[in-house]
Amino acid sequence: MEKIYIVDFGSQYTQLIARRLRELNVYCEIHPFNKVPELDEEVKGIILSGSPASVRDANAPQIDLAPVFGKLPILGICYGAQYLAQTYGGEVLPSPSREYGRAILIIKDKEDVLFQNVRTESQVWMSHGDTIQKLPNETRVLASTSDVRNAAFRFDNAPVWGIQFHPEVYHTEQGMLILQNFVVSVCGCKQDWTPDNFVEQTVAQLKKTIGDDNVILGLSGGVDSSVAAILLKKAIGDRLHCIFVDSGLLRYNEFEEVLASYKNLGLNVIGVDASERFYNDLKGVTEPEEKRKIIGRDFVETFNEAAAKIPNARWLAQGTIYPDVVESASVSGPAAKIKSHHNVGGLPEKMHLKVVEPLRLLFKDEVRRVGKSLGMPQSLIGRHPFPGPGLAIRIIGDITPEKVHILQQVDKIFIDNLKRADLYDKVWQAGAILLPVQSVGVMGDERTYERCVALRAVSSVDGMTADWVHLPYDFLAQTSNEIINKVKGVNRVVYDISSKPPATIEWE
């Protein structure tokens, strides 16, 4: 399978470069600069990412390009461009002022393949503190901005380019065309990384890897585990055994509804109601990380008990997706621990199973496209992301069955209204949060002192960043009124208008 290597120097935009190439139906892999695997004939080109570091720093990230320079096409972006300039005899100096934000790129050489069909003047996005003062010998300037003379350049004796701006961000108007010129016109990629091809290749690989063994998969009702299940079923049929655990922290009637939808898909699913265990173990616990640890432990124990009844199981399947893989092998080592309870950690060791992750090459939006290719219903592949610990981290403070019941009702009204108003598919994720406060209200002729809930709706591509959604005022008014009238114990509704960063999508 032909591919592009993206060398990660620690840029916040590195995953975005990969996403853009995948949108062009070109397969790519991100590798930390100090862990790049050996090249093979399937690697068609290399992209050097940006970085928060300066090439002038003593400990700046470095990579030996000698084995590939002149042999494979290379595109350096921001830090990558500065690294190329500095390494091959140019000079990089601090900018008089940090160059951050929009700029107008003026192309000097319209004949160069990197800029074919790109407008002579277009907006680009700059984000750097250094600038390329002097280019190496045997290079030429391709484009400039009013403040950056060497905004794009190439080597005369090798298929190597450097660009000081970020083509991967939306603010760069013709960034996708520039990336396409590099991976298609320069590298010769065929653009055949499609959902149908992925399904065909993955099913064949799963058959070969698993052989005649049985596989256990923990279903969550979410997109990733559901698509993984259908892929595995296509490969090994009834030798896939699925377990769906009800922690008592799912949405209103979700256990019954999702279980029914899985059975309609022909999946062999065991449903386990373990809500009492979870409620008992969470009693009195208020600290978010402690909640997650308890839920993770209880899930492992419940799953393990159910899995022990399945004979001849040799594999544990997980819905791991590509951002999980990239973050666990980031430039600075494993990603900082923001939260626990990812997938079903601890199970392979406890159960002595080998792990299979059929989606580990895909971003979330690609998972949905694969689900569509597999003929899965939109009700499953279009579901909003839902946190692994469930409503436990949407209830601020301790967990009780009464609080869960209140929040389930509020959440159902909110989600149902989004669907009725044709807003659900325009939102990345939505949900309700039960706050640990009571407020004064008046209902009828009585003074009340009841609970407050917050509604949250965000737009995002992959959850790494998110903006709050500007839901219509009349929708919010109607939803608030319905919640207060129908959910006993709630007399106030607020709407969360924070974005990520600095806030997170979930409250805990």
Side-chain angles (χ1 to χ4, degrees), residues 206 209-233 235-251 254-256 258-259 262-263 267-283 285 288-321 324-325 328 334 337 339-360 386-393 399 401 404:
L206 288 170
T209 301
I210 295 167
D212 296 327
D213 294 339
N214 283 347
V215 178
I216 302 172
L217 170 66
L219 290 170
S220 67
V223 178
D224 301 338
S225 67
S226 301
V227 173
I230 299 300
L231 268 174
L232 283 158
K233 181 180 184 296
I236 64 171
D238 290 340
R239 286 182 288 114
L240 171 66
H241 301 266
C242 302
I243 298 170
F244 184 31
V245 175
D246 182 7
S247 62
L249 303 166
L250 301 175
R251 284 176 156 151
E254 186 172 31
F255 183 61
E256 294 79 10
V258 171
L259 206 55
Y262 281 143
K263 288 182 178 176
L267 293 175
N268 181 17
V269 186
I270 300 167
V272 182
D273 182 355
S275 53
E276 189 173 343
R277 167 187 272 180
F278 283 81
Y279 286 150
N280 287 338
D281 291 348
L282 286 167
K283 190 173 183 179
V285 177
E289 186 64 14
E290 186 63 23
K291 287 182 189 177
R292 290 178 182 272
K293 287 178 180 177
I294 291 169
I295 292 166
R297 182 200 68 205
D298 284 2
F299 180 86
V300 166
E301 291 176 356
T302 304
F303 188 96
N304 200 8
E305 290 164 7
K309 301 172 184 175
I310 299 170
N312 304 317
R314 299 286 183 270
W315 297 84
L316 174 71
Q318 295 193 147
T320 308
I321 61 176
D324 304 325
V325 176
S328 66
K337 183 175 176 183
K339 58 188 178 183
S340 305
H341 191 64
H342 169 67
N343 286 330
V344 282
L347 279 172
E349 296 82 4
K350 287 177 178 288
M351 302 170 66
H352 307 291
L353 297 176
K354 294 177 283 187
V355 175
V356 58
E357 298 169 315
L359 306 179
R360 64 181 283 111
F386 189 64
L391 298 179
I393 58 169
I399 309 298
V404 172

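Throughout, residue positions are numbered sequentially from 1 according to the sequence presented. This structure is a prediction, so every number in the text was calculated from the model and none was measured.
In this structure, G222 and S225 approach most closely via the heavy-atom pair O-OG, 3.7 Å. Looking at every heavy atom in both residues, A228 comes nearest to L217 through C-CD2, 4.3 Å. Of all the heavy atoms in L250 and V245, the pair that sits closest is CD1-O, 4.3 Å. Taking all atoms of both residues into account, the shortest heavy-atom contact from I295 to L249 is CD1-CD1, 3.9 Å. Heavy atoms only, all atoms of each residue included: V356 and W315 are closest at CB-CE3, 3.9 Å. In terms of heavy atoms, P358 sits closest to Q318 at CD-O, 3.8 Å.
F303 places a side-chain heavy atom less than 4.5 Å from the side chain of I216. In this structure, the side chains of I243 and I310 come closer than 4.5 Å at one or more pairs of heavy atoms. R239 has its side chain within reach of I210: a pair of non-hydrogen atoms, C-beta onward, lies under 4.5 Å apart. Taking the side chain as every heavy atom from C-beta outward, V285 and I399 never approach each other to under 4.5 Å. Annotation: side chain of V269 is in contact with side chain of L259 (closest heavy-atom distance under 4.5 Å).
Panel note: side chain N214, backbone P311; a donor-acceptor pair is recorded below 3.5 Å. Not a single donor-acceptor pair under 3.5 Å links the side chain of D213 to the backbone N or O of V215. Panel note: side chain N304, backbone V300; no donor-acceptor pair is recorded below 3.5 Å. Looking only at distances, a side-chain donor or acceptor of Y279 sits under 3.5 Å from a matching main-chain atom of G248. A donor-acceptor pair is defined here as one N or O able to donate and one able to accept, closer than 3.5 Å; no such pair exists between the side chain of R314 and the backbone of D212. Of the possible polar contacts, one joining the Y262 side chain to the G221 backbone as a donor-acceptor pair under 3.5 Å is found.
Here D224 contributes atom CG and L219 contributes atom CG; the two are 11.5 Å apart, rounded to the nearest 0.5 Å. Considering CD1 of I236 and CG of L231, their distance stands at 11.0 Å, rounded to 0.5 Å.
Note on E254 versus R251: no salt bridge recorded, every NZ/NE/NH1/NH2 to OD/OE distance being 4.0 Å or above.
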Next on the checklist: Using side chain to side chain contact (heavy atoms under 4.5 Å, CB included), reason through R297 and D281 one step at a time and then give a plain yes or no.
Outcome noted: CA-CA 10 Å; R297 182 200 68 205; D281 291 348; 3.2 Å; yes
